[in-house]
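What follows is a set of notes on a single structure, which appears directly below.
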Number of protein chains: 2
Amino acid sequence: MNLSKRRALLDELVSKGVRLTSQRRALVEVIQEANEHLDAASLLDLARRREPNIDRATVYRTLELLKKLRLIDELDLMHLYGEKHYYEVKSERNHAHLACFRCGRIEEYSSPLFERLKAEIAKQADFTIKVTRLEVGGNCRACGSGVSTGQEDRESRTATALHQ
Amino acid sequence: MNLSKRRALLDELVSKGVRLTSQRRALVEVIQEANEHLDAASLLDLARRREPNIDRATVYRTLELLKKLRLIDELDLMHLYGEKHYYEVKSERNHAHLACFRCGRIEEYSSPLFERLKAEIAKQADFTIKVTRLEVGGNCRACGSGVSTGQEDRESRTATALHQ
DNA sequence: CTGATTGCAAAGAATTTGCACTGCT
DNA sequence: AGCAGTGCAAATTCTTTGCAATCAG
């Protein structure tokens, strides 16, 4: 990860006239250098290693800010592990997130077809698209089609077992 | 809305050997006859008119059940109004939800291109798709491209106003 | 300087759970 | 009759907010 990439978001913030505090700097760096999808609590943990003086509230407020500036995307990842949100730096081309109900792995998928679909929606529905979120749940390659292996899906978060 | 449609979900449940209680019946009917996206609290309200004796917990447990049976889909609708979820009966062909940040309107959009994209994902990523959720946020036809009208976006849920 | 940003602690929204009781099939 | 399903109330999880103190520009 090169310096220019690491500073991309920070520079973007400065150029937008956003006030740079040590807390924001820490958070932005953490998000930018992450190589997995992080939720607010993890972001707080990681940011604290750089800047011990940072609070949960600041994390949420900063995420809100970055979202509004459209510098990050908020993901649900099919709510595989509770209702928390995950965050990632917005990239040029957006991608779908494939969430495996069995093993919990998240895979990213981008395709020109997705871009075409977005263009079609914008045109046909006359809709100015600002954010797009495509999440797909199912079974990944490694976990197969998932028919009666007796394995419990990660989807099943309640005790309501299906007797079949 | 004809009788056969109204009973579709109930019959499906019976055929799967799911125990039919008056509470489940009420809920399923409400979901099926709804013509807008309802959250758990609204479902509870509406179901209570048919079956006064029904609790919030039962609503959540039933929704979980219907989700697992893949009879309904859970939506976030871009979290336009808080973090609650919305529910709709799963339809043959699935559609995107376009959420307008300005007026809050939700528009549905389906297209063969979406089906093609799903097929491509399944094949290319070797992923067995069980649920798909495509949500798009932006400005609807009526609300325009949303550049500097001084209007507040529904996205902005915190006080962190952007001075620009 | 001075208003935007923060930490703290408390509140809030949405959902889940344990347990004794009820009612399908 | 037996056990899945329920109501109730309390607990949990995740996020937001009010306010006084702080700090970036």
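Side-chain atoms are counted along with the backbone in the values below, which use heavy atoms only and exclude waters and symmetry mates. Here is the naming used below: chain letters follow the sequence lines, and residue numbers restart at 1 for every chain.
- Between Glu12(B) and Arg70(B) no salt bridge is recorded (no basic side-chain N to carboxylate O distance below 4.0 Å).
- Summarising the geometry, the separation between CG on Asn53(B) and P on dT6(D) is reported as 11 Å, rounded to the nearest angstrom.
- Look at CZ on Arg24(A): it is 11 Å from P on dA4(C), rounded to the nearest Å.
- In this structure, Gln23(A) reaches the dG7(C) phosphate: one of its side-chain N or O atoms is under 4.0 Å from OP1 or OP2.
- Remark: P of dG7(C) and CD1 of Ile54(A) are 6 Å apart, rounded to the nearest angstrom.
- Salt bridge Lys67(B)/Glu64(B): present, at least one basic N to carboxylate O contact under 4.0 Å.
- Looking at heavy-atom distances under 4.0 Å, Ala41(A) makes no contact with the nucleic acid at all.
- In this structure, Glu51(A) does not pair ionically with Arg25(A), as no charged nitrogen and carboxylate oxygen lie closer than 4.0 Å.
- Nucleotides of DNA chain C nearest to Val59(A) and His85(B) differ in position, and the one nearer the 5' end is that of Val59(A).
- Taking 3.5 Å as the limit, the base of dT15(C) and the side chain of Arg56(B) contain a donor-acceptor pair of atoms between them.
- Each of Leu20(A) and Thr62(B) was matched to the nucleotide of DNA chain D holding its nearest heavy atom; the match closer to the 5' end belongs to Thr62(B).
- Residue Leu43(B) contributes atom CG, which lies 14 Å from atom C1' of dT15(C) at whole-angstrom precision.
- Among the protein residues, Asp39(B) comes within range of no part of the nucleic acid, since none of its heavy atoms lies under 4.0 Å from any strand.
- For dT15(D), one of the phosphate oxygens OP1 or OP2 lies less than 4.0 angstrom from a side-chain nitrogen or oxygen of Tyr60(A).
- As rounded to whole Å, 17 Å separates atom C1' of dT13(D) from atom CG of Leu80(A).
- Distance Arg61(A) CZ to dA9(C) P: 14 Å, rounded to the nearest Å.
- Distance CG (Leu69(B)) to C1' (dA4(D)): 14 Å, rounded to an integer number of Å.
- At dG5(D), none of the side-chain N or O atoms of Thr58(B) fall inside 4.0 Å of OP1 or OP2 (strictly under the cut-off).
- By the 4.0 Å N-to-carboxylate-O rule, Glu120(A) lies too far from Lys118(A) to be salt-bridged with it.
- When distances run from any side-chain atom of Arg19(A) to the nucleotides dT15(D), dT5(C), dC3(D), the shortest one goes to dT5(C).
- The side chain of Thr21(A) contributes no N or O atom lying less than 4.0 Å from OP1 or OP2 of dT5(C).
- Positionally, the nearest nucleotide of DNA chain C for Asp55(B) lies more toward the 5' end than for the other of Asp55(B) and Ser22(B).
- Remark: Lys84(A) does not engage Asp76(A) in a salt bridge, criterion side-chain N to carboxylate O under 4.0 Å.
- To the nearest angstrom, C1' of dG7(C) lies 14 Å from CG of Leu27(A).
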